[in-house]
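So you know, we letter chains A, B, ... as the sequences are listed, proteins then strands, and number each from 1.
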2 protein chains.
Amino acid sequence: MISSPQTESLIKETAKKVLFQKGLLYATTQEIADEAGVNRALIHYYFRSREHLIATLFEEAIAERKARFLNILGMDAPLQTKIATFIDVFIDRATQNPHIDNFIIGEMIRRPNEVKFFCIKDSKLKERLQLQLDEEISKGTIKPISLTHFLVNLSSLCNYPILAKPILQTIHGMSELGYKKFLQERKKVIFKTIFKNNFQNGTSDPAIH
Amino acid sequence: MISSPQTESLIKETAKKVLFQKGLLYATTQEIADEAGVNRALIHYYFRSREHLIATLFEEAIAERKARFLNILGMDAPLQTKIATFIDVFIDRATQNPHIDNFIIGEMIRRPNEVKFFCIKDSKLKERLQLQLDEEISKGTIKPISLTHFLVNLSSLCNYPILAKPILQTIHGMSELGYKKFLQERKKVIFKTIFKNNFQNGTSDPAIH
DNA sequence: TCCATGTTTATCATTTTTGTTAAACATTAG
DNA sequence: CTAATGTTTAACAAAAATGATAAACATGGA
């Protein structure tokens, strides 16, 4: 008999929604089951335990993040295109799942052994990025900076405003709509913060005033 | 009889240590009591409930953050000095309590009503900063940018690398020592990312290669 | 139809965590 | 010294969360 993956998938997707979108990282199995509209026992039926469910979410989250990271930065394109794509994709993706980084970090702290994640230290990707970065630096479009700091700058500028959404909203007094507009403006701002020229387009920039 | 605040203070400081330094945001009262070496009932004696303890930590955390923010950005000094100080203080402070932002964000999500935090929208601070920023922009030391995006850039660059420490360490293959060195380098990198000139000093920069 | 297999539910047991209470302990003023 | 007050502890009670199980239910093939 064919096992219908509907319920299993429903539980997993609901768990992602509760944890990554709502930010309830401490959600109980009952809360997840209620949100999914299924009996709590089904979580144990399909995932054995809460811990297994969480571990599954964690593995998928880092796999997805890694794939996105490598796909975008590894594509065959000029650095400026890669970065513009990175900004666009990471901001949009993180907007959908604003608390996924919090979850990943929390899990990595909670069980420091089982974490493998990924390391770009010795990959060819790193070499290629280094070449592209050097090229931009010698062209004068990027100020001298190490590849690591460059990538951390990029990640910081994209991810922090989403991770710290409640803080930004209160400090700068943003409504929900204002915040949304702010994030879209931000794509251009980040690009301009990283590159000296204005690659993306020449339209007037609402983010300045 | 004078109530000795030693135990109460010990519990609170230990709770901060467990939550903000170790990152165990889901820590039980028993874990906190054990870490402090006191009987768990004392937590209820001094703080009534776990919830009250957490609320106390939350209020102090945002008060401290607010004070630091306003003190540094509100001091009577050139913008470059303020920013350099901000970077220095926030990175060092966040290094001591790497998970405090995670905690604040989690609490703000968990009880969206009770959050007052602070808003710089209509303060004189904002006007003064805007003047200083405009001045730098017209001098050409900062690229045109709105004050909000400028401040968010600054916060992002300072805080994300600490908040996402485990992610950075695995992606870029950093040891504990390497990470520490990285954060110190980062102070200069952030300043140079924000300002076009190199204000701080003219020594050779280890962060480039 | 009826059986076999997979799925779902209701119920119970266990564990974990929080919160309470009364008694023991310490300290200081009188 | 001792009585009063504040502090600490051990033990208990209650609540919440996880996990396990057996029975009910559904479905598809012989």
Walking DNA chain D from its 5' end, the first of B:Arg40 and A:Gln30 to be reached, judged by nearest nucleotide, is B:Arg40

When rounded to whole Å, the OH to P distance for the pair B:Tyr26 and D:dA17 reads 17 Å

Winner on side-chain proximity to B:Tyr45, out of C:dA10, D:dG6, C:dT18, is D:dG6

Whole-Å distance, B:Arg48 CZ to C:dT18 P, equals 16 Å

Side chains of B:Gln21 and B:His99 only: does a donor on one sit below 3.5 Å from an acceptor on the other?
no

Against the side chain of A:His44, the closest entry in D:dT9, C:dT9, D:dT18 is D:dT18

note: A:Asn39, atom CG; D:dT18, atom C1'; distance rounded to Å ~ 14 Å

Set out, in order, the CA-CA distance, both residues' side-chain angles and the distance that settles side-chain contact (heavy atoms from CB on, under 4.5 Å) for A:Lys82 and A:Gln132, then state yes or no. CA-CA 11 Å; A:Lys82 289 184 184 181; A:Gln132 288 188 301; 2.8 Å; yes

A:Arg50 CZ to C:dT17 P, in whole Å, measures 12 Å

**Message:** Is it the case that the side chain of B:Thr95 and the backbone of B:Ile91 share a donor-acceptor pair, with hydrogens and angles ignored and the cut-off at 3.5 Å?
**Reply:** yes

Atom CG of A:Leu53 and atom C1' of D:dG19 are separated, to the nearest Å, by 14 Å

Out of D:dT18, D:dT8, C:dT18, minimum distance to the side chain of B:Thr28 belongs to C:dT18

Closest to the side chain of A:Thr7, out of C:dT18, C:dT8, D:dT18, is C:dT8

Atom CD1 of A:Ile43 and atom P of D:dA17 are separated, to the nearest Å, by 13 Å

Rounded to whole Å, NE2 of A:His52 lies from P of D:dT18 at a distance of 15 Å

- Query: Got a donor-acceptor contact below 3.5 angstrom from the B:Arg128 side chain to the B:Gly74 backbone?
  - Reply: yes

*Just wondering, more than 12 heavy atoms not from A:Arg68 lying within 6.0 Å of its CZ?*
yes

Fill in: Under-4.0 Å side-chain N/O to phosphate OP1/OP2 contact, B:Thr29 with C:dT18
yes

Out of C:dG19, C:dA10, C:dT7, minimum distance to the side chain of A:Tyr46 belongs to C:dT7

Rounded to whole Å, the CG-P distance (A:Leu42 to D:dA26) equals 14 Å

